[in-house]
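Take a look at the structure set out below.
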Amino acid sequence: MRNFSGIAASPGIAMGRLRIVDRRKTAVSEYPIPFESVCHETSRLVQAIEDTRVELELLKSRLAETSGEDHIFFIETHLMILVDERLVTETSEIIKTGMINAEGALRRTLQRYRDTFARIDDPYLRERISDVETVIERVLRSMSGEAVEPFPQHEGQTIIAAHDFSPADMLQIDRNNVLAIITEIGGRTSHTAILARALDLPAVMGIEGIADPLFDGVSVIVDGVAGTVTVDPDQDTFQTSLRRKQHYEYVEHELLKTVSLPTVTLDGHSMHLRGNVEIPEEGASVLGHGGSGVGLYRTEMLFMNREAMPDEEEQLEIYRAMQQAIAPHPLTIRTLDAGGDKLLEGMDQTAELNPALGVRAIRLSLSMPYEFKKQLRAILRVSADGPVRIMFPMISGMEEVYRAKQLLNEAKRELTDSGIAFDSTVQVGVMIEIPAAVILADLLAREVDFFSVGTNDLIQYTLAIDRSNEQLSHMYQPLHPAVLRSLRRIVQAAHGAGITACLCGEMAGEPLYLPVLLGLGFDELSMGAGSILRVKQILRRCTLERAARIAEGCFSFSTAAEVELYLKTQITMDVAESID
Ligand code: PEP
Ligand code: MG
């Protein structure tokens, strides 16, 4: 028996036979070429890219038939990477200046991309390199004459292990027989992980050595809740895991029964629990977990890994897919929150000494009004199809709101002039993530229809704790009295002005915090789809009156540790804690 520990990428527990799938690199050698072969090598490259494009288009139409339009977003991302001019120009340049063969040059281009991506702080963006790798791997295979293996079909209770596993691979697995996946590389925010969660397939990532052919056929336990893998388990371990699996499934099953129950407290107070999403594929999972729409649609993904910003039509198409995925519920679209650690093409990270306090989010959008209005027009246009709300990130003062609303009005006028439909009453909100916005909350509330608190950033800026610095993670405290006082102030300002108070940071998905957030008066919480039913469970066991008392009680303590202890003693967290 061997135990491995990795990243819990998608929850669920599964047992089965391990099948190693080799999606690994094509063997490529680099060799010098004479000057007269430069043209030939360049045309081989161009031809291989074209062949790969045709192959991907075919795969896309096949998947559209079998998995539905919803899931082909990943193939489209790969097509976008593939047809990016730079892939050809940069690689041709390497062929010419390095006088080497096309395969060698392509590997060098890939290495350059890897170096660039490795410097990105944001883990989500950093992991996008896996899409580039998958695409270049396909081109290399095409050049080498190796066909991309169709995905093998599996019989029986199979757990797939692979060095890497692309989203396209994910979409081709046979869901009747494949119970979980394990990969050697990748992380929680990789496309593959997002898709695994959207498909409810348990996944553990980052298990080095698991794709060793020696393991093929052995019995394995995958625990996507704890992030562990046990190869060749002994009888006791198997029995314990089986009980844990049964318990997990029982809890899930019980929770799923509550999907259609009203999201109300025992004393009849209702609260919206919505989902946070980044791609249209996640919409189904939000609804499947009883979410009443999307409280935070992070649009950054659409702007990444590309030279030019997406045009209005392209944005409209994706926003529409998202809207359709969650119709008839509302969709809250956050305008571009790039900059800081989420770099776009052409942004020079070294140009800012302190990117977290630099040109990011709304500041960036306001610095490029032409691009910003494209996004606003696309959002407005999708508002003609169903309820949509617009949300501006990282607002620090009134000027930003005035200017953003001015541009929104211009976008509306432009659409009206062109006779294009939109919802003229579309709601506008701001994210409260900067202490200045907390202090100005009463003024901001007069200008917008709702607040949405981004606690991930609000905690980082209030406590001066970098949210991605693992060494300071013990100081990143959602229950810090300064944070709780800020939350109270935000809700009071919102309600004082008659607008809605929402919260969409990670804090929303933690069941322990529900009574505090409910008691403080939040009207809506938005979280990862997988948390919705757990939070709802606690909500349905609380009365508003008791939650208000609990929230009030938190203010009698002076440290986060005391508040946490107090909360734990107040709440019977039976179901929420039962699996962790
Ligand atoms: C937040 O800051 O809490 C938030 C929801 O935004 P993001 O995590 O995208 O910065
Ligand atoms: Mg934020």
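Here the structure is a predicted model, which is why all the values come from computation and not from measurement. Counting starts at 1 for both ligands and their atoms, following the listed order.
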Q. Under 4.0 Å from any heavy atom of Arg298, which atoms of ligand 1 are there?
A. 4 (C), 5 (C), 6 (O), 7 (P), 8 (O), 9 (O)

Q. Using a heavy-atom cut-off of under 4.0 Å, does the side chain or the backbone of Leu296 touch ligand 1, or both, or neither?
A. side chain

Q: Report yes if Arg360 has an N/O atom closer than 3.5 Å to an N/O atom of ligand 1; otherwise report no.
A: no

Q: Number the atoms of ligand 1 from 1 as they appear, then name those within less than 4.0 Å of a heavy atom of Gly454, with their elements.
A: 1 (C), 2 (O), 3 (O)

Q.
Any carboxylate oxygen within less than 4.0 angstrom of a Lys/Arg side-chain nitrogen, looking at Asp385 and Arg320?
A. yes

Q.
With heavy-atom distances below 4.0 Å as the criterion, list the atoms of ligand 1 near Cys504.
A. 5 (C)

Q) Have Thr332 and Arg389 got a donor and an acceptor in their side chains that come within less than 3.5 Å? A) yes

Q.
Is there a polar contact between ligand 1 and Glu433, counting only N or O atoms under 3.5 Å apart?
A. yes

Q) Taking NZ, NE, NH1 and NH2 as the nitrogens, is one of them in Arg534 or Glu252 under 4.0 Å from a carboxylate oxygen of the other? A) yes

**Q.** Arg334 heavy atom under 4.0 Å from ligand 1
**A.** yes

Q. What pair of heavy atoms forms the shortest contact from Glu312 to Arg377, and how long is it?
A. OE1-NE, 2.6 Å

(Q) Tell me the closest heavy-atom pair linking Tyr113 and Val132, and the distance in Å. (A) CD1-CG1, 3.5 Å

Q.
Can you give me the closest heavy-atom contact between Ala411 and Lys373, atom names plus distance?
A. N-CD, 4.2 Å

Q: Just give me the atom name: the N, O or S atom of Glu433 closest to the Mg ion (ligand 2).
A: OE1

Q: Using only N, O or S atoms, tell me which atom of Asp457 is closest to the Mg ion (ligand 2).
A: OD2

Q) So Phe557 and Tyr566, would you call those rings parallel, tilted or perpendicular, with 30° and 60° as cut-offs? A) tilted

Q) Would you say Asp337 reaches the Mg ion (ligand 2) with an N/O/S atom under 2.8 Å? A) no

Q: Indicate yes or no: does Glu313 engage Arg381 in a salt bridge with an N to O separation below 4.0 Å.
A: yes

Q. So is Asn456 polar-close to ligand 1, meaning N/O to N/O under 3.5 Å?
A. yes

